[in-house]
Amino acid sequence: MTVARVIVDVPSRDTDRPFDYAIPERLKDWVEVGSRVAVPFGPRKLQGIVTALAEDADADVDLAKLKPLEDVLDALPPLSAELVELGEWMSRRWLCPLTVALQAMLPAALKGRSEKYVSPAAGVQWTDGEIADSGGLLLALGKGKPLKLDALLRQYPEQGPTLKRWIRQGRLEEKQQVEDKSAGKSVLTVFPGPPEKLLQAAENMPARASKQRELLRFLAVRGAEPVAVARLTEEAAVALSTVRALEEKGLVEIRPVTEDRDPYADRDFPASSPMTLTPKQAAALAPIQAAIDAREAGAFLLHGVTGSGKTEVYLQAIQRCLEQGREAIVLVPEISLTPQMVERFKSRFGSKVAVLHSRLSNGERYDEWRKIREGRAQVAVGARSAIFAPFASIGLIVIDEEHETSYKQEESPKYHARDVSIERARQHGAAVVLGSATPSLETYEAAKHARGGRRSGLGDIGYIAMPERVANRPLPGVSIVDMREELKMGNRAMFSRPLADAIRDRLEKQEQMVLLLNRRGYATFVMCRSCGYTAACPHCEISLTYHRGSANLRCHYCGYSEAEPKTCPSCESPHIRFFGTGTQKVEEALAAAFPGIRVIRMDVDTTTEKGSHERWLTEFRERRADVLLGTQMVAKGLDFPYVTLVGVLAADAALRLPDFRAAERTFQLLTQVAGRAGRHELPGEVIIQAYEPDHEAITSVQGHDYDGFVERALLLRNQLGYPPYGRLICVTFSHESVPMLLSVGERFASAARETASGMGVGRSFDGAGGDALEVLGPVSSPIARLKDRYRFQCMVKYRGEVDASQVVSRALAGMADAVKKGGVQVSVDVDPQMML
Ligand SMILES: Nc1ncnc2c1ncn2[C@@H]1O[C@H](COP(=O)(O)OP(=O)(O)OP(=O)(O)O)[C@@H](O)[C@H]1O
Ligand SMILES: [Zn+2]
């Protein structure tokens, strides 16, 4: 085994293949599939991931010509062979370079600079034989201070295997010092020498140094474990100068380290024990537990209405999985990953839980990730990328609110965590539970209509229903208000009379409300009454949104902003007006209409600060506000006992967007937000204001009629050949010049059509079934210009067994040179979720 195949971390298609390197003698015990390595690459030094070892490499490599690996960057490889294989699958599935897929699995901290140290683990006893056999290594380490791993390897090359074994056994501790940009995480730490040495030094301390002697004894009893200076001075009740004095005598070492940061360290999680399940919950749990017991890969849709108690089913399924010594991953939409959600898992499984989400600093994320990698955590709760949690033996993967669009990553690799979960489960023989009150049409169809022969992409999925809330609590009553009628009756206000009455009623009763308007800012567009000028972003084809607080106009796509105009920038008329309502304006209108009302506004603008999202929710839970007003952020997962009213303003705002999922999204959002009302003893009520009150996506919410809505929507999708019946790949080209885009787009479209017909695939989508592929476009993208680049797209639409990815990559490969020379950016989105 002398050759390692390495994927270097350069996200380009030219370097998207493994490069061979010789493994030098000193590193040969350390290189594994999944190891992160440093390699020479031309004049540069790059990071890479080992994807295969010599026996898999080409037999004809000229060993003498190979450059050697420079270093192995971690003692414990950050990826496993299984994850490398998963990366290869992702790169085929979503047409991205392999390195992009692999890098998506690594915590951000590992992408920066890091140095690794080893030291003896606390409390480990070494035998004389081991000390002698270690050829000086243990003596060097015995000084108590962590040593750099690569320095050790250079100094004691023949000790490689032993070193590795001890690290794996946990007898030596690997500490990674990771560059962490988040301030204040680096902690001054005392590294005491071996206890015997400290005790001996204490004996020899002169009498006047009694403080130092006490501290030495304290440290000797405390053990070899490093301790933060601040904590030590407090525990031992000594001054910093005393610790420094020991440092000067070489008895302890003091240096800053990036500490193991536990983001939930200051929180107490009261232990919770399993609840007695309702009969419906028990019936739902049974097949999931049976699948876990069987250790065969399988997926379930857990279709449970809002408040049906899905979380308790997840918790007890996880428990079963842990009892078998296997691990579990729970995915939750980023925004619902609130302390309340975390608490449910931490309370049940305590320190077995690692939490991964984007509001953690890089260092915190890295520490949580390491708990998983080193086997100190068995449950990973996190947002999308937690699907890559480096567990060795997964028994269960739960995806809560599986219909959420945030499970699809919008930048490369454009993967969907749901598909990844099914692939990972296949490799581990694990069960997958997709939970939702409003499952995506794709999942629902795969679950209810899995027919032989037709690939759904998700395979066959078992269907489990929980159609009722726990404790026979009713779903809330939903009424729909036709805003056109309100206008006819002379009500020009933002709140219809029924909604205004209901708000007053709740204020009187001191109950709480959730108000949803899925548009942030104050006014959504700015127009001049005199000349018709509208304010648009100079870099994007997007109108600017007025933000009152900062008195500026902003582009929600690129962040461009300009000062609020007092007169029309085009004709200087003073009749410049702000139209369209955003959450800021609602906040203002509430204050005007209901004096004294306490409102919390929660949207992207009020939650940028770390922890602010949690603070708002705590404040609301403690009933320090009457209304939680916000964008879709307020619609999901929240469980507040005093919320008895949910109001939706402009329910149909997103219905007419040029996206075939617009109705599905609207229905899901409305059903989810309606589900926030009346979840406990107090009954709930929902009032939906709309200009198109007869649209199915709205009327179906009233009847809590998921099945009806979906059956009709599926019929339509089938007619149009859209997912889940047909599938899509969206290829977007962007460039400063439109003619260039048109010609590149045309070229792609015809190349793709030719390739497909060369593969014997027909174009016709008529009739039922059969393989077909058509290329639509090039057409201007729904957002025609973004950040100064025009955008054109081609939509590849196909069904059946067509290998459309092949079609696209071959067509693109044929024109790679032209694209590169012209400076055209190409982005490929397989199974796009966002059509905008
Ligand atoms: N077996 C049970 N006995 C008593 N209460 C329960 C039981 N199971 C769940 N609950 C309670 O019912 C409420 C709703 O449960 P949960 O939040 O899990 O619903 P959900 O199905 O996840 O809803 P949503 O989809 O709206 O998030 C919670 O307050 C939970 O504590
Ligand atoms: Zn812009």
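Order of appearance sets the numbers: ligands from 1, and atoms from 1 within every ligand.
- Among all non-hydrogen protein atoms, the one lying nearest atom 25 (O) of ligand 1 is K310 NZ, 2.7 Å.
- Scanning all protein heavy atoms for the shortest distance to atom 15 (O) of ligand 1 gives G309 CA, 3.5 Å.
- The shortest heavy-atom distance from A471 to ligand 1 is not under 4.0 Å.
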Starting from the C-alpha separation in whole Å, work towards a yes-or-no answer on ring pair (Phe, Tyr, Trp, His ring centres under 6.0 Å) for Y415 and F388.
CA-CA 12 Å; Y415 68 94; F388 304 120; 5.2 Å; yes
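- Side chain to side chain, R365 and S385 meet the donor-acceptor criterion of an N or O pair below 3.5 Å.
- With a 4.0 Å heavy-atom cut-off, ligand 1 is reached by the side chain of M275 but not by its N, CA, C or O.
- Below 30°, between 30° and 60°, or above 60°: for F660 and Y722 the angle between ring planes is below 30°, a parallel geometry.
- Looking only at heavy atoms of the protein, atom 12 (O) of ligand 1 is closest to V470 CG2, 3.2 Å.
- Nearest protein neighbour of atom 23 (O) of ligand 1, counting heavy atoms only, is G307 N, 2.8 Å.
- The residue among T311, T671, V313, L302 with a heavy atom at the shortest distance from atom 18 (O) of ligand 1 is T311.
- When the heavy-atom distances from atom 17 (O) of ligand 1 to R676, R469, R473, R344 are ranked, the shortest goes to R344.
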For residues 389-398, which side-chain donor-acceptor pairs fall under 3.5 Å, sequence neighbours excluded?
none

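- Between K346 and E343, none of the side-chain N atoms (NZ, or NE/NH1/NH2) sits under 4.0 Å from a carboxylate O, so this pair counts as no salt bridge.
- Within ligand 1, counting atoms from 1 as listed, the ones closer than 4.0 Å to a heavy atom of S308 are 19 (O), 21 (O).
- Within the set Q281, M466, K636, the minimum heavy-atom distance to atom 9 (C) of ligand 1 is found for Q281.
- With D626 contributing its side chain and R598 its backbone, the two residues share a donor-acceptor pair below 3.5 Å.
- Contact annotation: for T276 versus ligand 1, heavy atoms closer than 4.0 Å belong to the backbone alone.
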Q.
Apply ring pair (Phe, Tyr, Trp, His ring centres under 6.0 Å) to residues Y706 and Y444 and explain how you reach the verdict.
A. CA-CA 11 Å; Y706 174 88; Y444 179 81; 5.3 Å; yes
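- Heavy-atom proximity to H680, at under 4.0 Å, picks out these atoms of ligand 1: 29 (O).
- In terms of protein heavy-atom proximity, atom 26 (O) of ligand 1 is nearest to R679 NH1, 2.6 Å.
- Under 4.0 angstrom from ligand 1, the non-hydrogen atoms of D639 all belong to its side chain.
- Inspection of the T644 and R506 side chains reveals an N or O donor paired with an N or O acceptor under 3.5 Å.
- Evaluation of the ring pair (Phe, Tyr, Trp, His ring centres under 6.0 Å) rule for F709 yields F667 as partners, not counting sequence neighbours.
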